[in-house]
Undergrad: 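I have a structure I would like to understand better, so I am pasting it below and will then ask my questions one at a time.
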2 protein chains.
Amino acid sequence: MTKQRREVYTVLMKNRDHPTANDVFRRLQREMSAISLATVYNCLDALAEHGLINQVNFDREPSRFCVNPAPHVHFRDARTGVIHDINFKEGCQITDLLELPDGAEVSELELTISGDLPAQT
Amino acid sequence: MTKQRREVYTVLMKNRDHPTANDVFRRLQREMSAISLATVYNCLDALAEHGLINQVNFDREPSRFCVNPAPHVHFRDARTGVIHDINFKEGCQITDLLELPDGAEVSELELTISGDLPAQT
DNA sequence: CTTCCGATTTAGAATTATTCTAAATCGGCC
DNA sequence: GGCCGATTTAGAATAATTCTAAATCGGAAG
Ligand SMILES: [Mn+2]
Ligand SMILES: [Mn+2]
Ligand SMILES: [Zn+2]
Ligand SMILES: [Zn+2]
């Protein structure tokens, strides 16, 4: 945990909105020391490798980063662009619904959903 | 359906192995007329927009293209790199397992899995 | 405290999948 | 055959990310 990695992690924790690397970079510039963009990428890599954060990809858009350590999936509201964390229902395994070949071992699973939420009232 | 779109589609049908745009381009150069890479991208876009093919993304790797019209997800064998189509079990809805907010409407859903398959014997 | 050294940071260049541009070509229709 | 909107094409541009190589850090050892 270097100073820069901690700063990147703190920014992610402060505002859990799945920012891009560039979002993180701009927030760090505004709030504190002048970190470099390459360092932001390095730190995000390091944090992800150690399991503290997750990299989230929607199609080919810039990656986003997530500090929610619980297993969950991502839902983007098409109207607002906001990305919501969606938990699994109690005791549910996605892989139970799939016709996986016998003996297949899942090591990574990413589920992204786009859709609409009813307007807030 | 132009001549180029048909050729792109034919290449995808002939070898349903989820090639990248560049793979498709190289196969077309080898087999038939000299199509341009921009046209391959244009054609893949057009085919996808009309629902004939699907664009598949694993993390930030080059997009791959899939001609399987059935709803399914993608499993990459980490050992071989081969991408397998995985169907849903009869009558199963992934969204039934998720704590989606009330009234959420899913318009797109992409599930990608990486893992290991037992060695072929 | 000073020196040392591997790890990290940094600025900027490089990479690369994809998109854009603008000119050439196509193909169906009159 | 000529017209015209759509498509194709080659090449340039874009943009997220990675790479490079030099500067800096920070803890350990002396
Ligand atoms: Mn995706
Ligand atoms: Mn993915
Ligand atoms: Zn999340
Ligand atoms: Zn497929």
Side-chain angles (χ1 to χ4, degrees), chain A residues 1-12 17-66 74 76 81 83 108 110 112 114, chain B residues 1-12 17-66 74 76 81 83 108 110 112 114:
Chain A
M1 254 306 176
T2 65
K3 176 165 148 297
Q4 286 85 351
R5 288 175 191 176
R6 204 181 331 272
E7 285 182 9
V8 166
Y9 187 65
T10 301
V11 161
L12 288 172
D17 60 349
H18 303 90
T20 65
N22 203 54
D23 291 337
V24 172
F25 178 55
R26 286 201 314 269
R27 290 177 196 178
L28 281 169
Q29 288 187 306
R30 204 179 310 134
E31 299 194 19
M32 30 182 100
S33 72
I35 197 174
S36 100
L37 178 57
T39 301
V40 172
Y41 275 103
N42 289 342
C43 291
L44 291 169
D45 263 16
L47 292 168
E49 253 161 40
H50 290 264
L52 284 159
I53 66 174
N54 286 100
Q55 183 168 346
V56 176
N57 296 297
F58 273 88
D59 301 323
R60 300 201 55 76
E61 295 169 25
S63 287
R64 296 170 173 279
F65 296 87
C66 172
H74 292 101
R76 169 154 49 202
I83 293 172
E108 277 173 83
E110 181 168 40
T112 52
S114 294
Chain B
M1 254 308 175
T2 64
K3 176 164 148 295
Q4 287 85 348
R5 288 175 189 174
R6 203 182 332 271
E7 285 184 8
V8 165
Y9 187 66
T10 302
V11 160
L12 288 171
D17 59 350
H18 303 90
T20 64
N22 204 54
D23 291 337
V24 172
F25 177 54
R26 286 201 314 268
R27 289 176 197 178
L28 280 169
Q29 288 186 306
R30 203 179 311 136
E31 298 193 18
M32 29 183 99
S33 72
I35 197 174
S36 101
L37 178 57
T39 302
V40 172
Y41 275 102
N42 290 342
C43 291
L44 291 168
D45 264 16
L47 293 169
E49 253 160 40
H50 291 264
L52 283 160
I53 66 174
N54 286 99
Q55 183 167 347
V56 176
N57 296 296
F58 272 89
D59 301 324
R60 301 201 55 74
E61 295 168 24
S63 288
R64 297 172 170 278
F65 296 87
C66 172
H74 291 103
R76 170 154 48 200
I83 293 172
E108 276 173 83
E110 180 168 41
T112 52
S114 295

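By convention in this document, chain letters (A, B, ...) are assigned in the order of the sequence lines, proteins followed by strands, and residues within each chain are numbered from 1. Note: hydrogens, waters and symmetry copies are ignored here, and every other heavy atom, side chains too, is used.
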Undergrad: Would you say a side-chain N or O of B:Arg60 is under 4.0 Å from OP1 or OP2 of C:dA17?
TA: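 Result: no.
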
Undergrad: Less than 4.0 angstrom from a charged side-chain N to a carboxylate O is my criterion; do B:Asp59 and B:Arg76 meet it?
TA: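 No, this pair does not count.
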
Undergrad: Tell me the interatomic distance from A:Asn57, atom CG, to C:dT18, atom C1', rounded to whole angstroms.
TA: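 In whole Å, C:dT18 C1' and A:Asn57 CG are 16 Å from each other.
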
Undergrad: Specify the residue among B:Lys3 and B:Ala38 whose closest nucleotide of DNA chain C lies further upstream toward the 5′ end.
TA: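 Its nucleotide being nearer the 5' end, the pick is B:Ala38.
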
Undergrad: Please compare B:Val40 and A:Arg64 by the position of their nearest nucleotide in DNA chain D and report the one closer to 5'.
TA: B:Val40

Undergrad: Using a 4.0 Å heavy-atom cut-off across all strands, classify A:Ser63 as base, sugar-phosphate, or nothing.
TA: sugar-phosphate

Undergrad: Within the pair A:Thr2 and C:dT9, is there a side-chain N or O less than 4.0 Å away from OP1 or OP2?
TA: yes

Undergrad: Looking at A:Gln4, does any N or O in its side chain come under 4.0 Å of the phosphate oxygens OP1/OP2 on C:dT10?
TA: yes

Undergrad: May I ask you to verify if any side-chain N or O of A:Arg5 is less than 4.0 angstrom from the OP1 or OP2 atom of C:dT8?
TA: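 Yes, such a contact exists.
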
Undergrad: Tell me: CG of A:Leu37 to P of C:dA14, nearest whole Å?
TA: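 In whole Å, C:dA14 P lies 17 Å from A:Leu37 CG.
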
Undergrad: CZ of A:Phe58 versus P of D:dA16: gap in Å, rounded?
TA: 17 Å

Undergrad: Between C:dA17, D:dT17, D:dT9, which nucleotide gets closest to the side-chain atoms of B:Tyr41?
TA: C:dA17

Undergrad: Might you confirm whether atom CD of B:Glu108 has over 12 heavy atoms from other residues, nucleotides or ligands at distances under 6.0 Å?
TA: no

Undergrad: Take atom CD of B:Glu61 as the centre, draw a 6.0 Å sphere, and report whether it contains more than 12 heavy atoms from other residues, nucleotides or ligands.
TA: yes

Undergrad: Classify the nucleic acid contact of A:Asn42 as base, sugar-phosphate or nothing, counting any heavy atom under 4.0 Å across all strands shown.
TA: base

Undergrad: Base, sugar-phosphate, or nothing: which does A:Thr39 touch, judged by heavy atoms less than 4.0 Å apart?
TA: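 Since a base atom lies under 4.0 Å of A:Thr39, the category is base.
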
Undergrad: Both B:Asn22 and A:Ile35 contact DNA chain C. Which one's nearest nucleotide lies toward the 5' end?
TA: A:Ile35

Undergrad: B:Met1 has an atom CE; how far is it from atom P of C:dG28, in whole Å?
TA: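 Those two atoms, CE and P, are 14 Å apart.
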
Undergrad: Between atom CG in B:Asp59 and atom C1' in C:dA17, what is the gap in whole Å?
TA: 15 Å

Undergrad: Take atom CG of B:Asp45 and atom C1' of D:dA6, then tell me their distance rounded to the nearest Å.
TA: 15 Å

Undergrad: Going by distance alone, is a donor N or O of one side chain under 3.5 Å from an acceptor N or O of the other, for A:Asp23 and A:Thr20?
TA: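 Checked: A:Asp23/A:Thr20 side chains pair up, N/O donor to acceptor below 3.5 Å.
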
Undergrad: Looking at NE2 of A:His74 and CZ of A:Phe58, how far apart are the two atoms once the value is rounded to the nearest 0.5 Å?
TA: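 The NE2 atom of A:His74 sits 7.0 Å away from the CZ atom of A:Phe58.
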
Undergrad: Could you check how far OH of B:Tyr9 sits from P of D:dT7, rounded to whole Å?
TA: 19 Å

Undergrad: How many Å lie between CZ on A:Phe25 and P on D:dT17, as a whole number?
TA: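 Answer to the nearest Å: 14 Å.
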
